[in-house]
Every structure is written in C-alpha cells, then in structure tokens.
Amino acid sequence: MNKEEFADNHFIRTIIEDDLASGKHQQIQTRFPPEPNGYLHIGHAKSICLNFGLATVYDGLCNLRFDDTNPEKESDEYVRSIKEDVTWMGFQWQGEPHFASDYFEDLYQYAIGLIQAGKAYVDELNAEEMRQYRGTLTEPGKNSPYRDRTPEENLDLFQRMRAGEFPDGSKTLRLKIDMAAGNVNLRDPVIYRIRRVHHHRTGDKWCIYPMYDYTHAISDAIENITHSLCTLEFESHRPLYDWVLDNIPIQTHPRQYEFSRLELLYSITSKRKLNQLVVENHVSGWDDPRMPTIAGMRRRGYTPAGLRLFSKRVGISKSENVVDMNVLEGAVREELENSSPRLMAILSPLKIELTNFDEFLTQSRSAPFHPHHEEMGERNVPIARHIYIEQDDFALEPPPKWQRLTVGGEVRLRYSYVIKCEEVVTDEMGNVIELKCSIDHDTLGKKPEGRKVKGVIHWLSAEHAVHATVRLYERLFTVERPDAVRDENGEYKNFTEFLNPHSVTEVSALIEPVANTLAPEARYQFERLGYFVTDRYDHTPEKPVFNRTVGLKESF
Ligand code: ATP
Ligand code: MG
C-alpha cells in the first residue's frame with residue numbers, strides 16, 4: 001500500500017520518528033485491538049488506518065488482537081466479521097490473529113506473582129460496597145477491610161476462585177495500589193472477577209476473567225508492541241497501564257498514546273447502540289447499507305480507498321473529532337469519480353414516442369463507459385421508436401432558465417440526437433403520461449444548425465432497457481447527535497426516537513442492458529443520479545438490485 005495514503009504530520013508520527021531516530025526502536029509494532037462484541041464501525045476504520053497505516057509508513061508490523069475478556073457479549077460471528085472488514089479495508093495483520101484469551105494462563109500467573117509480592121489481594125466487597133469505598137473525584141477512598149490479608153491467604157483464595165469454589169460476584173482480585181490516589185483508576189482496581197460464562201474460545205475452562213486494563217497492558221507487552229494507540233478516554237488509565245507493566249516481571253514496556261475518537265454527525269459510533277438498532281429491528285442487520293459499520297458501508301458501495309481517504313482527511317489529534325457526514329461522502333465520491341464506469345438509468349420513467357424514428361435513418365452510437373478513462377471501454381447505446389426519460393426532465397410549465405425538455409423545446413439525448421417535444425399526452429387527471437417528440441436527424445455527433453441546445457439528459461430505449469430494483473438512502477437519523485438529545489429533565493432521550501422514517505426507498509428502475517451481466521458489488525455511476533453498487537447479497541444478473549452509494553453532489 002502507498003505510504004502517501006495515510007494521515008501525515010500528526011503527533012504520533014513525530015513520536016515514532018524520534019524513537020526510530022534515537023534508536024529506541026529499530027522497528028515499530030502496533031496493534032488493532034477490537035473487542036469482538038459487535039461489527040466494526042467508521043470509528044474503527046479510523047483506528048485501523050492509524051495502526052496499520054503507521055506500520056505501512058514506517059515499515060513496521062501491526063497485529064490484530066481480539067480483546068475478548070467479556071465473554072457474555074462476544075462471539076465468533078464478530079471475530080469473523082472483524083477479520084473480513086480489516087482485510088477488505090486493504091490491510092494484512094502480522095502472522096495469525098491474536099486473542100487476549102490466548103494469554104489467560106500468563107495473565108493468571110502474573111496475578112499469582114502480584115499476590116506473592118503483596119501487590120494484589122482478594123476482596124469480598126460487593127459492587128455497591130466497592131462503590132462506597134471508592135470515594136469520589138474530590139474525596140479519597142477507604143481501604144477495604146480485606147486489604148490486609150496475607151499473601152498466603154490471598155493465594156489460597158485466588159486459586160480457589162479459579163477452581164470454582166465461590167459463587168459469581170462473591171470475590172474479586174484487586175491491585176493494592178492506593179485508595180487515596182488522585183486518579184480513581186489507581187484506587188485498587190479490580191483485575192479479576194468470577195463469572196461463569198461460556199467463552200467463545202476457552203469454553204468453560206475459566207470461571208474467572210481478567211479485566212480490560214490489566215489484560216490490555218500485558219497483552220501489549222507479550223506481543224512486543226512499541227506504540228499502543230488508543231482513544232482519549234483511556235488517558236486516565238495510562239498510569240494503571242504503566243503500573244501493571246512496572247510491577248510484573250516482563251521485559252518490554254510499550255508506551256500508550258491517546259488520540260481523539262471520531263464521531264460522525266447524523267450517525268452513531270458505539271457498538272452497543274448499533275447493536276440496539278439490530279436487535280430492535282430498526283435496520284435489517286449489522287450490514288444494512290444505512291449502518292455506519294464497515295460491513296454496512298461496504299454494502300452501500302463505499303470503497304476501501306474511499307474510507308482510507310476519509311481517515312487521512314480527518315487526521316489524528318487530541319482535539320475533538322466530530323465530523324460532518326459530507327466529509328465522509330465527499331471522500332467516497334471523490335474516489336468513485338475516477339474508478340466507476342458510467343451508465344444511464346431512469347428512476348421515474350416518462351415515455352416518449354420519437355415520431356419520425358426511421359429504422360434506416362436513425363442511428364445508435366457507442367459511448368465510452370467513462371469520459372476520461374478510455375481503458376474502461378465502450379458499449380452501444382441503442383435508440384428505438386420508444387424511449388424513456390426521467391419525469392423531472394420534463395416540465396409543462398418550466399421555471400426560468402429551464403434547460404431540459406418542455407413543450408416546443410429541444411434537448412439533447414446523451415450520446416444521441418437533439419429532440420423536440422411536439423405534443424404532450426395527458427390522462428384524465430391532467431398528468432403527463434407520454435410525450436411525442438421529433439428527432440433532428442442532423443444532430444448526431446454534431447451541433448444543431450442555427451441554434452443552441454444547452455440541455456443534455458439521460459434516457460433509455462424502451463425495448464432495450466432492463467428492469468432493476470434501486471434502493472435510495474437518506475440519513476439514518478434526523479438530528480446531528482441522536483444520542484445526545486436530552487428531555488426536559490435533562491435525561492438522554494432514546495436515540496431511536498430520531499430514526500429517519502424515510503431512510504430507505506425502493507424504486508423499480510430501468511437501466512442499460514449491461515445490468516444483466518453484473519456480479520455483486522459492481523460499482524457504477526448512473527449519469528446525473530449518483531454512484532450505485534449492485535447489492536452484495538440480493539443482486540443477481542437476472543434480477544439486478546442496486547444501492548445508491550452517494551449522490552453526485554453534497555446533499556445537506
Ligand atoms: P465501541 O464503544 O463502539 O464498542 P470501543 O472503543 O469499545 O468502541 P473496541 O473494539 O474496544 O471498541 O475498539 C478497538 C479499537 O478501535 C480501540 O483501539 C479503540 O480505541 C478504537 N476505536 C473505537 N471507536 C473509535 C472511534 N470512534 N474513533 C477512533 N477510534 C476508535
Ligand atoms: Mg469497548
């Protein structure tokens with residue numbers, strides 16, 4: 001992959017360049033560490049581009065590690081989807097994927113070591129008591145009455161926790177740091193809890209599971225990660241990360257650096273909330289084309305290169321990273337502009353009879369699939385006595401400066417003749433149902449004599465066009481921050497109240513015959529209508545199904 005594709009000049013690159021220049025590291029090693037509790041979303045795409053991108057830029061390595069310490073929410077389906085998404089984004093992890101669960105035995109042994117050194121103890125406070133003992137941001141906490149157990153007693157209890165002698169939630173293992181620490185994360189954090197839950201990889205082998213902070217630091221060190229990059233909410237966890245690594249016998253000490261989380265307006269970037277949309281059937285699944293998941297965006301027609309361009313544009317910093325949907329759509333559009341061949345399609349057809357059509361005189365032309373990319377080839381654009389145009393390319397009473405078709409007016413059919421509207425056929429309600437037009441046979445590939453015809457519209461021959469289902473999308477939410485709207489009592493409203501009821505419309509469309517030859521995930525521009533993709537699952541060459549990826553211009 002091209003090194004230019006990734007965000008440049010950000011503070012993490014500066015740190016890495018210094019570390020390489022000073023010889024602190026010969027080669028960098030990063031990791032992308034998702035928890036397999038949902039599908040990846042646009043925020044993860046940013047983190048993927050950062051971690052894999054840095055490895056690309058500095059000829060380093062990047063691991064994929066599943067942070068699977070919460071078995072109740074995790075599954076193999078999520079593991080599979082995450083691997084698929086990272087690969088689809090164009091990246092390759094170093095070696096086999098790693099799993100925090102691969103380190104459960106090491107983590108347990110390090111915990112034993114901490115107990116023996118008097119740095120961890122088995123506690124029996126329940127969750128509520130633990131909260132009370134914890135203190136607040138302004139008041140110190142209190143020591144647990146169990147804090148001064150001897151190492152021998154702690155060791156015995158911890159081993160019996162593992163052996164399954166105690167009920168769920170009855171005991172925890174905590175680090176003995178400082179209940180008065182200014183940073184509440186250092187107030188004797190819990191590092192193990194008892195949970196009898198089946199784990200997607202270790203099955204029922206364990207009934208105690210390690211906590212995130214403890215696991216993450218040690219997993220990074222085991223994998224010789226040099227730069228451990230995470231989002232800003234972990235900044236206050238960094239002292240704990242360092243404490244763990246300073247207090248266990250392990251050689252490497254990765255350094256944690258934080259950057260700001262990406263948030264996308266009119267969207268949601270939280271697996272938990274996206275899961276709610278799926279579970280409550282507000283969308284058809286994690287890969288619904290309206291979802292900000294990588295799988296959803298893929299199905300919508302976004303390209304890996306488009307997502308990488310977006311990630312580069314949003315950049316990496318510590319300041320707020322709230323981004324308008326137009327930035328995402330703009331990057332996707334820009335990338336599709338040169339990579340998508342073009343076709344003509346009609347979403348709301350209006351029939352035209354070309355009254356002077358003459359099968360000997362009237363000719364069809366071939367047209368390039370892309371005006372600037374000859375290598376994409378050409379296809380024939382057949383004309384016939386009956387054609388279709390888009391309903392809104394005709395107006396009975398046109399507004400000023402109208403350049404499309406009206407009674408007595410002329411327009412050019414793209415890649416074909418100039419036609420003139422001679423007559424309008426209406427139904428009993430006065431709706432226009434058909435037009436009768438004449439062809440100026442002297443305009444194929446040349447300008448009309450003695451007058452200017454500015455408008456060019458797309459069209460299809462009625463006898464050649466094929467039917468297709470086309471899905472048009474709008475924003476999934478009607479407000480910028482659906483998960484930050486409060487009611488009169490200051491409580492957050494349920495974000496599902498702000499779902500856009502018009503986020504998808506399905507229309508029966510007409511399209512060039514090429515549609516009957518396409519594989520799933522074929523991307524085309526429909527001239528004047530936007531970029532479309534054949535649906536990854538529902539499309540067949542016999543029954544084409546297209547999703548609109550993005551319009552040709554900014555929509556908001
Ligand atoms: P979620 O709240 O959606 O579950 P998470 O942070 O819990 O997100 P993880 O699976 O733990 O999700 O994240 C894997 C990596 O992706 C982490 O390093 C995390 O910091 C990063 N990441 C997650 N969300 C974002 C985001 N919105 N912007 C940038 N990076 C993100
Ligand atoms: Mg998480």
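Numbering of ligands and ligand atoms starts at 1, following listing order.
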Provide the number and element of each atom of ligand 1 under 4.0 Å from a heavy atom of [X].
| X | result |
| --- | --- |
| Ser47 | 15 (C), 16 (O), 18 (O), 21 (C), 30 (N) |
| Ser270 | 3 (O) |
| Pro34 | 10 (O), 14 (C) |

Taking all non-hydrogen atoms of both residues, which atom of [X] and which atom of [Y] are closest, and how far apart?
| X | Y | result |
| --- | --- | --- |
| Ser219 | Tyr103 | OG-CD1, 3.4 Å |
| Leu64 | Pro34 | CD1-CD, 4.0 Å |
| Ile194 | Pro167 | CD1-O, 3.6 Å |

Could you tell me whether [X] and ligand 1 have an N or O pair separated by under 3.5 Å?
| X | result |
| --- | --- |
| His44 | yes |
| Lys271 | yes |
| Phe259 | no |
| Phe32 | no |
| Thr231 | yes |

Problem - Whether over 12 other heavy atoms sit under 6.0 Å from Glu233 CD - result: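 Buried by this count: over 12 neighbours within 6.0 Å.
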
Problem - Criterion side-chain contact (heavy atoms from CB on, under 4.5 Å) against Phe66, the qualifying member of Glu74, Lys83, Glu35, His200 - result: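 Exactly one pass, corresponding to Lys83.
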
Exercise for the section: Going by the side-chain contact (heavy atoms from CB on, under 4.5 Å) test, name the single residue among Lys312, Met89, His44 that passes it with Cys49. Expected result: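 So the option named by the test is Met89.
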
Problem - Distance-only donor-acceptor check, side chains Arg548 and Tyr473, under 3.5 Å - result: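 The criterion, which ignores hydrogens and geometry beyond distance, is not satisfied for Tyr473 and Arg548.
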
Which of the listed options, [options], holds the heavy atom that is closest to [atom]?
| atom | options | answer |
| --- | --- | --- |
| atom 6 (O) of ligand 1 | Lys273, Arg261, Glu35 | Arg261 |
| atom 30 (N) of ligand 1 | Ser228, Gly38, Gly43, Pro33 | Gly43 |
| atom 28 (N) of ligand 1 | Leu229, Leu262, Asn275 | Leu262 |

Handout entry: Residue portion contacting ligand 1 (non-hydrogen atoms closer than 4.0 Å) for His41
Key =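 The answer is the side chain.
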
Exercise for the section: Would you confirm whether Asn547, through its side chain, and Thr549, through its main-chain N or O, come within 3.5 Å as a donor-acceptor pair? Expected result: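 No, because the side chain of Asn547 does not come within donor-acceptor range (under 3.5 Å) of the backbone of Thr549.
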
Practice task
Check whether any heavy atom of Phe234 sits under 4.0 Å from an atom of ligand 1.
Solution key: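 Per 4.0 Å heavy-atom rule, Phe234 does not contact ligand 1.
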
Problem - Non-hydrogen side-chain atoms of Trp88 and Arg298 separated by less than 4.5 Å - result: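 Sidechains of Arg298 and Trp88: in contact.
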
